[in-house]
Amino acid sequence: MQKRLEKAADLVQLDAGVYRILATPYQELTVSVPVKMDDGSLRVFTGYRVQHSIARGPAKGGIRYSPEVNLDEVRALSAWMTWKCAVVNVPFGGGKGGIICDPRRMSAGELERLTRRYTANLMDIIGPERDVPAPDMNTGEQTMAWLMDTYSTHTRSTTPAIVTGKPVGLGGSKGRREATGLGVAFTVRESLKHLGLPDKGCRVVVQGAGNVGGLGALFLHEMGHKIVGISDMYGAIHNDNGLDMPAVLDWLKDKGSLEGFPNADYIDNSQLLTLDCEVLIPAATENQITSANAADIKAKVIVEGANGPTSAEADAILEKRGVFVAPDILANAGGVTVSYFEWVQNRMGYFWEEQIVFDRMERIMVDSFNDVVASAKKYDTSPRIGAYCKAIDRVAYCLDLRGIYA
Ligand code: GLU
C-alpha cells in the first residue's frame with residue numbers, strides 16, 4: 001500500500017505534509033476481548049479497529065475474523081478503504097477491524113459473545129457519524145445484526161446506520177449481498193470493452209468462491225462467459241469447456257467443498273492462477289499474485305475481487321507483460337458503494353427497490369472505471385496508480401479545505 005501511495009503521491013506532486021498525514025493512520029485501537037467459551041473456559045481474544053482517514057466522512061470498512069489478522073494487515077486494509085471510498089466518490093473515510101480468532105472452530109454462541117464484547121469495547125470510536133463497520137472475511141449479516149443490537153442497547157436507541165451489511169429485515173439494503181460480486185462483473189465487462197475484447201465467451205478463472213468470487217462467477221456466467229476454474233480454501237476445480245456455475249455453488253453449499261464436483265479436474269491453487277484464460281479474478285485474500293508466479297499468469301485481464309491480491313513487485317512484471325489490471329480499490333468497490341446506499345436508506349428511514357440499488361451502483365462503477373482509465377492516461381501510468389492518483393486528489397482536496405486544527 002505504501003509503495004503505491006508513494007508512487008501516486010509523486011505523480012500528483014502531493015504536498016509533503018499532506019503525504020505524511022496520509023501515510024499514517026488517524027486512530028488505532030487494540031482491545032482485549034474476553035469470551036466465556038462453551039466448555040466453561042475463558043479465552044481472551046485480541047481485536048483491532050484502525051481508522052486510516054476521516055477527511056471525507058466517517059471511517060468505513062469491514063471487520064474480519066481470522067487467525068491471520070494482525071495490526072499491520074488491518075492498517076493496510078484501512079488505508080485501502082480510504083482510497084476505495086474516494087475512487088467511487090462516496091462520502092466516507094477508511095477504516096478496518098479484525099479479531100484474531102478461528103471462526104470455523106467456534107460455535108454461534110461463542111461468536112455472538114465475541115462480537116458483542118468487541119463492539120462494546122469499540123463504543124467510544126464507532127457511530128453512524130464516526131465509523132461504520134461492515135462485513136469482511138468470515139463475518140456476515142448475523143455478525144452485523146449482533147453489532148447493531150449491542151450498539152443500540154448501549155445507546156438506548158435503535159441505530160441501524162451504525163453498521164452496513166445487515167440482514168434486509170433489520171434495515172439492510174436490498175442488493176448488498178450481491179453488490180461486490182456484481183461490481184466485479186461490471187468491472188470485467190468494462191475492462192473487456194476498454195480492451196476491445198469480446199463481451200461474451202471469454203474464459204474466466206476465479207480464485208475464491210465466497211460472496212465475492214462465487215457470486216462474481218455466477219454473474220459472469222449469466223453474462224455469457226465461461227468459468228473454466230474456481231477455487232475454495234481447500235482446492236480448485238477446472239474444466240476448459242466451462243463449469244455450470246449454479247450447480248457449482250449448490251454443490252459447495254451442500255458439501256462444504258468443491259472437491260468431487262463432477263466433470264472437472266481437482267487442482268491446487270497455484271495451478272489455478274496460471275490456467276489458460278482471458279480473465280483472472282483473484283477474490284480470496286492478499287498477496288496471491290507475486291514475483292513468484294506473475295510471469296506465468298496467462299490472463300490478459302486481472303480484476304481484483306480481493307483486497308491487495310497482487311504484490312507491488314508483481315505489478316511491475318504484469319505491467320511489462322501488458323496485462324490489464326483493474327485494481328482492488330476500483331474492482332471490488334461495489335460492496336462499499338451499496339454500503340453507502342444502505343447508510344443513506346437507514347438515515348432516511350426509506351428503502352429502495354433492488355433494481356434501483358443495482359442501477360445506481362452500476363452507474364457509479366462505470367463512471368469510476370472511466371475516471372480511473374482517464375487518470376491513468378493523464379499521468380501516463382497503470383490503472384492501479386491512476387486509481388490512487390484520483391483517490392489521493394480527492395482526499396487531499398478535503399484535507400486542504402478542512403485545514404489542520406491546532
Ligand atoms: N469489507 C468490504 C470491503 O473491503 C466492504 C466494506 C464496507 O462495505 O464498508 O470493501
Side-chain angles (χ1 to χ4, degrees), residues 1 48-54 56-66 69 73-99 122 126-141 143-144 147-148 160-167 171-184 186-187 208 210-213 215-216 282-286 303-309 326-346 357 360-361 364-365 368 387 391:
M1 201 290 296
Y48 307 103
R49 185 75 185 170
V50 176
Q51 297 167 349
H52 171 259
S53 169
I54 54 162
R56 302 183 77 252
K60 186 82 192 82
I63 295 171
R64 59 173 56 181
Y65 288 178
S66 154
V69 163
E73 182 196 55
V74 180
R75 274 187 190 130
L77 289 162
S78 72
W80 274 320
M81 287 307 303
T82 302
W83 313 131
K84 195 185 298 188
C85 292
V87 165
V88 286
N89 213 0
V90 294
F92 290 132
K96 202 79 169 197
I99 304 181
L122 255 47
I126 59 173
E129 315 286 340
R130 288 177 172 175
D131 181 350
V132 185
D136 199 80
M137 228 187 260
N138 300 326
T139 56
E141 292 179 8
T143 329
M144 299 305 114
L147 198 157
M148 179 259 192
I162 176 59
V163 78
T164 61
K166 298 175 291 294
S173 177
K174 287 184 178 148
R176 177 62 185 86
R177 195 180 304 163
E178 296 82 2
T180 314
L182 188 58
V184 166
F186 287 145
T187 308
N211 196 41
V212 184
L215 290 180
T285 185
E286 294 107 68
V303 174
E304 296 183 332
N307 292 313
D328 45 10
I329 55 174
L330 166 71
N332 69 38
V336 77
T337 299
V338 177
S339 275
Y340 164 58
F341 296 161
E342 182 171 330
W343 181 76
V344 169
Q345 291 170 76
N346 290 155
V357 171
R360 289 181 179 167
M361 191 264 277
I364 288 182
M365 292 304 289
S368 305

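Read the numbers this way: they start at 1 and go in the same order the structure lists the ligands and their atoms. Keep in mind that the numbers below use all heavy atoms, side chains included, and drop hydrogens, waters and symmetry copies.
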Run the side chain to side chain donor-acceptor pair (under 3.5 Å) test against R75 and tell me which residues pass, sequence neighbours left out.
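Once residues adjacent in sequence are excluded, the partners of R75 under the side chain to side chain donor-acceptor pair (under 3.5 Å) criterion are E28, D72.
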
Any side-chain donor paired with an acceptor under 3.5 Å for T139 and R64?
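Note: T139 and R64 side chains miss the donor-acceptor criterion.
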
Hey, are T82 and S53 close enough side-chain-wise for a donor-acceptor pair under 3.5 Å?
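Short answer, no.
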
Note down each nitrogen or oxygen pair, ligand 1 side and protein side, whose separation is under 3.5 Å; give only atom names and the distance to 0.1 Å.
from: ligand 1; atom 1: 1 (N); to: P135; atom 2: O; distance (Å): 2.9
from: ligand 1; atom 1: 1 (N); to: D136; atom 2: OD1; distance (Å): 2.7
from: ligand 1; atom 1: 4 (O); to: K84; atom 2: NZ; distance (Å): 3.1
from: ligand 1; atom 1: 4 (O); to: K96; atom 2: NZ; distance (Å): 3.0
from: ligand 1; atom 1: 4 (O); to: D136; atom 2: OD1; distance (Å): 3.4
from: ligand 1; atom 1: 4 (O); to: N307; atom 2: ND2; distance (Å): 3.1
from: ligand 1; atom 1: 8 (O); to: R176; atom 2: NH2; distance (Å): 3.1
from: ligand 1; atom 1: 8 (O); to: S339; atom 2: OG; distance (Å): 2.6
from: ligand 1; atom 1: 9 (O); to: K60; atom 2: NZ; distance (Å): 2.8
from: ligand 1; atom 1: 10 (O); to: K84; atom 2: NZ; distance (Å): 2.6

Looking at every heavy atom in both A179 and V338, which two are closest together, and how far apart are they?
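Minimum heavy-atom separation between A179 and V338: CB-CG2, 3.5 Å.
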
Locate the shortest heavy-atom distance separating W343 from P128; write the atom from each residue and the value.
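That would be NE1-O, 3.1 Å.
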
Using a strict 4.0 Å threshold on nitrogen-to-oxygen distance, state whether K96 and E73 make a salt bridge.
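Salt bridge between K96 and E73, a charged N being under 4.0 Å from a carboxylate O: no.
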
